[in-house]
Every structure is written in structure tokens, then in C-alpha cells.
A.B. asks: 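Let me give you the structure first, and then I'll get to my questions.
Naming convention: chains lettered A, B, ... in sequence-line order (proteins, then strands); numbering from 1 in each chain.
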Amino acid sequence: MSDPLPPYPPLDPTTYDLIIIGTGLPSSVISAAASSSGSSVLHLDPNPFYASHFASLSLPDLTSYLNSNTLSPPPPSNNTHDDSSFLSLDLVNRSLYSSLEISTFEPDILEETSRSFNIDLSGPRVVFCADESINLMLKSGANNYVEFKSIDASFVGDSNGELRSVPDSRGAVFNDKSLDLIEKRQLMKFFKLVQTHLADEKDVKVVSEEELESSFVEFLEKMCLPNKIKSIILYGIAMLDYDQDDGETCGCLLKTKEGLDRLALYITSIGRFSNAHGALMYPIYGQGELPQAFCRRAAVKGCIYVLRMPVTALLLDKETGGYKGVRLASGQEIFSQKLVLDPCVTVGLESLSSLTDQQKETIRVLVPKEISSKEKIARGICIIRGSVKAEISNALIVYPPKSLFPEQLTAVRVLQLGSGLAVCPPDMHVLYLSTVCDNDDQGKTALLSAMSTLISPHVPENLPSDSVDENVTAEAKPLLLWRALYVQELVKGEFGGNISSTSSPDGNLNYNEIVESAVKLYEQLMGSEELFKEETSQEDTTEDNDGDGVEIED
Amino acid sequence: MHGRPRKAYKPEEEAASAAKAAKLRILQTQFMSNHHNKIYTKEAVDLSTKLLEINPEAYTAWNYRKLAVEDKLSRIESDPDLVKTILDEELSVVESALRQNFKSYGAWHHRKWVLSKGNSSVANEMRLLDKFQKLDSRNFHAWNYRRFVVELTNRSEQDELKYTDNMIGSDFSNYSAWHNRSVLLSNLLARKADGFLPNAKIPDEYELVHSAIFTDEDDQSGWFYHLWLLDQTVNVETPLLTSSWPSHGSRINLSAGCLNDSFSKLTTFCSESGSFPLILYFDQAVGGVSSATVTIDSELKGNEDLVWEPVSKKNSQMSSVWVAHLKYMSSEPCFRKEYEVKVRVGNSPGIVSSRGCNFSKSYEFIFTAHVHDTVQGSQEDIVSWTDGFDIWDAESKDLYSLVNLNRSNAQMDFKWRQEAIAEEIILFRKLSDSKIGKLTLARLLMAKAVISDDVVKGVDYNEILELYKDLMVLDSSHYQYYKDEHSVALLHKVTSSTDDLSRHLFRYRNMNNSVCLRLNNLSLSRIASVAKLLFVQMLDLSHNELHSTEGLEAMQLLSCLNLSHNKIRSFSALDSLRHLKQLRVLNVSHNHIGEHSVDTTRYLCSSPLSNSEWTQDEVGRKTPNLVTKYWDAYFVLRDLNLKQLDITGNAIARDEFSSFVLQVVPKLVWLNGKKLES
């Protein structure tokens, strides 16, 4: 990004059905869907890379992206409103990130290898095999551009710092030494109940209507599940954030219905693809591959892509106040029926005051509103030497509320990824951490606590090595090489007529909600057209030759 | 490979398969002509390769290839390189055939044949197997072949056991892996390999299979393995003597006629023949019981070379029941005298179980035989079964020795077995809300009863009976099995203590107050616990649901038997009665004999067509057509020495059959309640 921007070539044509700004996952899904339904789409991104907030970047790129975005100066408004027949509103790139802290402990080693990293901006995130994103990829044909690998294991950390594997399948329950026979039976019975519940929704009611509306944690208690299993189900499988035993303080008690839906997603993920073991998988080269796959799909269908192209202003009709188009950083004015914006795009506050109500209505998704929830997501990235669990490279670890320290309010999720996924050099691992928080300090405290449980702090090199080494290797914790901590704002996508905006990365582990909301936004934008209708009939026979399409390597 | 739904063929698929069939037919014809003309040229062999690539099931083609290989091998004068080339070619043909159909018997068999020729790399076979078993871990062909290959290599059974560990770990529904585990463990335990003592290893195995059962109790694999483990826990390889008649320490009264009431009827045996049966009852079928392996030490004359006979189906020299007839009336009359008889079983080695295990160690028992004068002449009165029964006033002293079985000759440790079973019972009570859980609990409780040394209290039996009753209701498709098991448990209960047994003992007034065991009206469908009933001479099994008399053959003293109102469907179901040389009175009235025109049980016995012996005897010569018609009745009745027979209430009991019976059993006095005129 330090390179000077090349001169912008003029775009042709200058009128489109849809202009999309930002190449994050929701935007890419919409662009692929709109392109394949025949709309003309211009897809712009101010960054020199695809995937926006969902990108996977090399170490220097990541650092500079986080830095520039946390303190980005508003672009100079080089154009005046006067000479145009339109009302022009300056757009500002607002940052989603705050409280950024980056520490490097081994600059030499990282310098050599910095380009061999593919680090996710919105980690930890994995794909559930039955995830909506997978369905959409299969439907759109985007699956041809991505390859996945399974996450080897999944653990729940207990208050003693021990990692207990998540017994999420028959095989895992059978092999789990920490469960006694009765617990194995209870757990499997519960899984079977969930499966029966899923199988015959209408015929046999295994779970009553009343139970579905009551709290999930109560339901689990009714099933006579002991605490440790309850905790595994709530945080290790249903992936809940808030302490369910303490409903009053957080006010986020999950209903049984939703809880069962979450379990269903997990359970149906297991065994969906014969060559995937377990429920979770991850795209090789990082999660940035997913939006890119949809973008490639869109490009095949005629969508025009321009990267490094910020949009500086919105153009509104002077008379009606309706949306007309955008002005690019190149100065060119481009017109479209509809516009979809990246969540970090906003208008300068000073320009808002002069607008009529009509104009305000047009750009309503950009008008800052009272934020109902101050919920944020604290993220952490660690580059480590060694692994948090011997002989396991790719693993998910969940620390339920109160497991790290008594005041821990929300679950902390940790994802370790290794060189097998082409995200880091061999012998290193990348660790992603996240937790939902109300304020930056609270989130960071939780993440740091999880880090200190898993990783040994950086040790100065002058320590005697030979004598200690033998003892240490037995339970050696991995060594921290690099660390980043930041807090990301959660912005919800919004449909606003001709101008809409997409969501920022959410606090979930999977893509389900993001993709669902993108699909919903698309349907609102384009009428209730079914997504990728054409593709399913056409490509089933031609490209989809291995049946389920998603390629998963062992 | 498992759980894939079948799809109906589309028209184009059908067309393709028709074309394939046509091509196959041409190939087949060419191949057959090559085969018949013994053409083993390269072209001919290639043709068979082509055929097998399309259809690996063409067994003849595999056999042809074997001949072709033999032909080639005979020409090349054992150049090892050439031999290897020829055999490798075969292996690659098999491999491609297996890719076509992984479950082709012919292909796997051919591979075994090639391997058995030597010259092939066994290590390569293991690699191939690992690949195949990864693709389909439950394919039993691959597992079979694996056992074959392992036998050729020096791979240890311990290593193979670890392999089953891995396979079960990755999918515990792998029945083949569990099965292989049981095979390997059987071998390791049998040869007492290092670290494989049953008392240490079996409990570990229980722990492993518990994990499978408690994780998914609907999966059968674990339950099968559990059943195998239970069998390992309860049953002992070395054969044991369970009981005998006369029993150890007993005192029997012998007489040629009837004795007066002053003697215990329980221990009195009267027979005109002047000999009495000595019965040995083992816990499993054994062979090799003879005057060499079982020695008799007594003053009773003429018993030096006893003939021991197995009480079993024809021609089998293996049986759990063996009998010899001891003479007590030799040429010199020596009445009113007591003789001590010492029987030593397993005096010299030779008593061997069907699995090749030797009788544990020599075991001696002693009884006293009291020979009496005849007081009254033998009776010819009809035995009515309906009345004349009095409650038997207990002579429990005599009875006690009968219900207490010989466990003293067991040298093995029962302690760990009892502990293991006790633990299992505690655990499986928690699963007793399911059918298989109930069944397993019932089996465990039964196992506990079987391996306890003391007389077991009745409490457990009642629980077993309740469990089987529940199961009969819950799982009606296996009703008969539960019914049979219920009967077995009930008979164990009846014979578990002197109190229980004496409740079923009666005096029969009309026959000189003989002791009658009445097990009527118990809805029994199967006979069991015979080892404790060897003393019985009069047995009432009427009003039950018996299909067969199997098991009664051990009751060598039996002279009166009531089987009326049961579910016996043919005379072949009475086949075991042929062994009862003392049987004089038989009531099979009100059964279903002759009701079913096609009686499947008849096929289980030797058919008259394959048996020419009947044509040689008198009845056969006189009325061959009747013998052909009633051959099953003929074989049973001919061997018996009946005085009284009741067959009324059966479809077969018509005049023709009655006249046939009179010919076969000329000594009969009473038929269907009527005295016959001699």
C-alpha cells in the first residue's frame, strides 16, 4: 500500500444496475448473485486486495491495514458540489477497529518469513460443513475456486487449564476417556433426541412447544445432563457467547429452539462430506479465499472489478433527492440504480446538517443512529512456535464463561491453524482469539488471559537452556513470536431502498448468520428472486462431478 | 459402502447394461471353448483377463487361470524370476477385479491361491490391505484375507490386536474388527501369552466394550462382543464332570423286581436286567470315555471291561452324557449285600473336549450299592397320571446330594469370574430399560447362578423370570427364544434347592409309591437342568409347551414319561427318547403329531431313502409301505421297550397307525388306555 497509486483509467460503461463498494463476504455474495441473474454490476474496493474485512493478509500488509484503518484521515474532498448537476455528498471511511496493539518478539525470524503468512482479519472463523456459506457456494459454483481442510480437533478449556476434547460424534464419545459410562450414554441419548427432533418435525414431538420456548440451559438440565457436559454443549458445540447460568446479568438466555438449531447445524455438519472428519473445516490460504471465490464467480458472469478505487462522494438528484450514482477517487462519475456500501463507509457529519428530509431518507443507512447495543468483538492474533496441543495442528479451543477467571463474562474462542493450511511457515502456528465484549478493556483482558493459559510469554534468550530443556519439553507451551490485539465494532447491514449497506464480520465462529443476512439483503434489493437459480440446473451435470462439489483434502 | 440407498435404473443405464451383457456373453462363449480345449496361450489367458475385468464373479475363469498358471509353471523349470512374473501378473488381475467388485469371493480366493504358492511379497499384501480397509473398514473379505496374510507373515497377534484397537477407535460399529479381536484374544488367552491371563485381560475388554455399548446401545457390534466376553467368563475350556448317577456319597438300592416301602424310593432302582446305568454328565461334549479313562473299583463282579456309550445322536462319539451298565447280579447269587463302588474319572488322559481340551484332572467319587431280593413281581397296571399322587414327605438328606453338583473337581479360579459378573450386573441394571439391556441382565444373572459354587437363593431367579416375561411382551418377534430361556431359568430355579425341588415331588400310589417329579402346567417350552434330575424315574411334563424332548436322553433311569398336552409335532421330535432303555410308559396324547403334512423337523433326521436298515428287519419286510409312511415313528418306537403308550388326541392316531404301532412294539400291553389282548 506504500506504492504510489497508478493513474486511474476511465471506466466504461458508466451506468450499471448495481454498484457495490467493498469486497467483503456479504458484498461478494450479492455481487455473484446479481451478476448471475443478469444484472450489470460494478464492484469496487478501495483496498489493493479482495475481501475487505474478511481478508487474509501477509504480516506487513495486515499491520499496515490495521494501522491505517484505525487512524485513517478522511480523504480530502477535492471536488466542489457546484459544477455538477448533482448534489454531491463526501464519503468518509470510518474505522471499525480500536485499541490496536501489535507486539513483535522475534523481529528477525518474522522478517524472513513475513510474506508466507496469510492472516485473517476477522479470525477466529471456520466453516461448518452444513454452513449456509457452503450451500451457497455449491449453488453458485464458487466451490470450484476453494479447497478446504478439516479442523482436527476441538476442545473446551476447564478452570484447571486442562483442555478436554469435545465429544461431538459417536466416535468421539466412544473414545473419550474423561467421560464415564453413564455420561457417555446421557450425551448420546441427548444427541439422538436432537436428531429425532430434527428428523420428524411434525409427526413426533420429542420436544414440546413449551420446551422450545423455554431457556436452552433449563432444557439441558431437564435432560439430566451433568454440568461438564452441559458446558460442552453450550459453548463447545452450540458456540454460545454469554454465560447461560447467569441469565439475569447478561439478559441473553438462549431459547431451546435456537439452541437446537445451533446443535443441528453442528450435528448435520459431521459426516456431510465423506472426506471431512468432524464438523469444522477451513479454506486453504485463509478465509479471504471465500469472498474471492464469489468474486471470481461474479466476474465470470460479467461483473466488473476495480480494486484500489475509493469512492469519494455520493451523487443525489438535486430536485428529488434520490440516489443517482457515485464519484470515484479518479474523479469519474458512475451511475447506477442501486448501491451497496461497505459497513465502514459513512458520510461526513458536517455535510449531513445541510440536507433536506428527502435527501436524508435516501441515504438513511448512512445516517448515524443511536446504537442499541454497545456489543463489540475483541480479536487477538498470535504467531507462535510449537502447538498448544501436542501432535495437533488445527484445533479449536473454547473457554466457557468463568473458566479462565471468575469475572470472565463471555466465552473466548481460540483457533489454531498450521502450515498445512498455507497460512504460516512450517513449525509455526497462527492463533486467533475472540470474545464478545462491552468495552475494549474487558475484551482484551479475557483474550490476554486465554493467551497466558495457552502460550508461554516470550522468554529472554539468556536463560540457561540445557538443564531446563528436558523438563520443559514434556509440557512445553508454545513460544509467542508476535501478537496483535484489537477491538472490532459490530455493524449490522441494512436495506435502505436504493442505498443499502452490508454487515461487518460478526462475532460468530461460522459464516451462517453473515451469509443469511446477505441473502436476505439481496432478496430485498432484487425482489424475492431465488439466488443462483440458473446455476443449479446448468452446472450440476458439468462441473459438479464429485456430487457434493466441495473439495476437501485429507 | 454401507447405508447407501439403492436407486432404480434409468433407461439409458438399462441399455448400457444390456450392451454389457451381450459383450459378456460373447466373451463367455469364447472363454468356455478355450477352457474346454485346454488352450493356455497368451491370447486365451488375456481373454479370461478381459472377462474377469468385466465380471469378477466368473468363478470358472478363476479356475481356468489356476490351470493356466500351473501349465506355465510346468514349462519354465523353476526360474524364480519367471515364476515371480507369472504370479505377479495374477495378483494384478485380482487387484483390478477387486477394484471392480471388492466383495468378489472368486477374486479373493484366487489371491489366496497365488499367495500360497509363495514367491510373492507378503509385505506388499499388507500395504494393499491397509489401503482397501481404509476404503471400507467393515468388509469381511478384507478381514478374512488379512488373517490369512498375517498367518503367512511373522506379524504378532499382539500387533494385530493393536490394529483392531485402531479400527475400533475410529469406528466402533465395525463388527469385523470386534470379531477379529475375539479371534486374536482367544488365541492369545489359550496359549497364555505374556500379559494375556484371562483374569487380567477379560476385565479390560469389558471396559472397552462398555464404552461402545454405553455410547450407542443401538449398535449391535458391541453387544455381540459382550456376549463373547460373557461366554469367556462363564465357560471353562477344560471339561468338567457336572454330575453323575449315582452321585458321590449316595446309597442306592437295587432290585430285579419291586421293593417294599421301607426303602427310599428316591434311590431305589429296579430292573429285571440285573444291571444299572452309571451316568456321567459333563459340562460340555467330550469324547474318549472308556474303561481306560474311567475305572471302576468294586466287588461287583463282571464289570472289568465296561462299555461306555455316548448318549447322543447316531454315530457321534462326542457327548456330554456317557452311560455304562454295571452288572450287579453275577452268576453267583449274593443278595442282601452292600457294595462300595469307586469311580475314577480321567484316570488316564483321553477324555477330550470337542475343542481339544483335556479333562481337568482325575476325579473320584464313591457310592454304595445295596442289592435286594425281589419282594413282589413286576406290575402290569396302567399308569393313569391323573390321580393317585400324594405329596412327597421330604427325604431331603438324599435329595441334597442330588441338587449339589460336583464343582469340587474344578481347579480353576472362580473368584475373578464371579467378581466380573457381579460388576457387570451392577452396571447393566442401569441399561435395563431397553430390550437388549434386559436380555443382557437376564443372561448375566443366569451366568451368576451358573458359576456360583453354593446353592443360589431363589431371589435372582425370580428376577430372571420377570425379565424374560417382560421381553416376551416387549419383543414378540423373538417370543420363542425368550420363552425357551424363561423355561431354562424356571427349571434352574426348580432344581436350585431341596426345598424347591421337593415341592414338585410326589408319591404315585398306584405304582408302589414310586417318586414322581411333576413339572406339569409350567408352560415349559424347553427342557433344562437335567444334570440335577438324573435320579428321576417317573416324570410328568404334561400341559406344557414342549416342542421336543431334547435333553431327556440323559435321564437314563426314566421309566414313565408323561408328555401329554404339549406342542410336539412329530415323532422325530421324540428322537432323544430312543436312548431311554428303561422307558416303559409313554404318554404323548393331545399333541400335534401328524397335524402338519409337511413337517420340517423330519428333514433334520436321516431320511428312510438314505437308510436301508429298515428293509432288513421283520416289520420292514412285512409292511414296507407303512414303514415308509411312518418312518419317524418307526425309528423312535422300534428302539423302545414300551408297555404302555398313549397317542390319542393326535392327528396321526388313526387305526392304520395303531395297527402299525402294534407291529413295531409287539410287547405293548396298553395302547391309548385299553389293554391289548395278547
A.B. asks: With a sphere of 6.0 Å drawn around CG of N166(B), does it hold more than 12 non-hydrogen atoms of other residues, nucleotides or ligands?
C.D. replies: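 Correct, the count exceeds 12.
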A.B. asks: Is it the case that over 12 heavy atoms from other parts of the model lie below 6.0 angstrom from the CD atom of Q220(B)?
C.D. replies: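 No.
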A.B. asks: Which atom pair, heavy atoms only, marks the closest approach of R185(A) to E217(B)?
C.D. replies: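 For R185(A) and E217(B), the tightest heavy-atom pair comes out as NE-OE1, 2.5 Å.
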A.B. asks: Minimum heavy-atom separation for S211(B) and F174(A), please, with both atom names.
C.D. replies: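 Minimum heavy-atom separation between S211(B) and F174(A): OG-O, 3.2 Å.
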A.B. asks: So, are D216(B) and K184(A) salt-bridged, with charged N and O less than 4.0 Å apart?
C.D. replies: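 Not counted as a salt bridge, because no side-chain N and carboxylate O are separated by less than 4.0 Å.
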A.B. asks: Taking NZ in K228(A) as the centre, count heavy atoms belonging to other residues, nucleotides or ligands within less than 6.0 Å. Is the count above 12?
C.D. replies: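 Above 12, so yes.
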A.B. asks: Is the count of non-hydrogen atoms from other residues, nucleotides or ligands lying under 6.0 Å from E391(A) atom CD greater than 12?
C.D. replies: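 Not buried by this count: 12 neighbours or fewer within 6.0 Å.
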A.B. asks: Please name the pair of heavy atoms, one in R170(A) and one in D171(B), separated by the smallest distance, quoted to 0.1 Å.
C.D. replies: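 Scanning both residues completely, I find the closest heavy atoms to be NH1-OD1, 4.1 Å.
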A.B. asks: Pick one of side chain, backbone, both or neither for I168(B), based on which atoms fall under 4.5 Å of a heavy atom in chain A.
C.D. replies: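 Both backbone and side chain.
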A.B. asks: Once you round to the nearest 0.5 Å, how far does CG of L181(A) lie from CZ of F428(B)?
C.D. replies: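 The distance works out to 8.5 Å.
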A.B. asks: Do D218(B) and K192(A) come within less than 4.5 Å of each other through their side chains, counting heavy atoms only?
C.D. replies: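 Yes, at least one pair of side-chain atoms sits under 4.5 Å.
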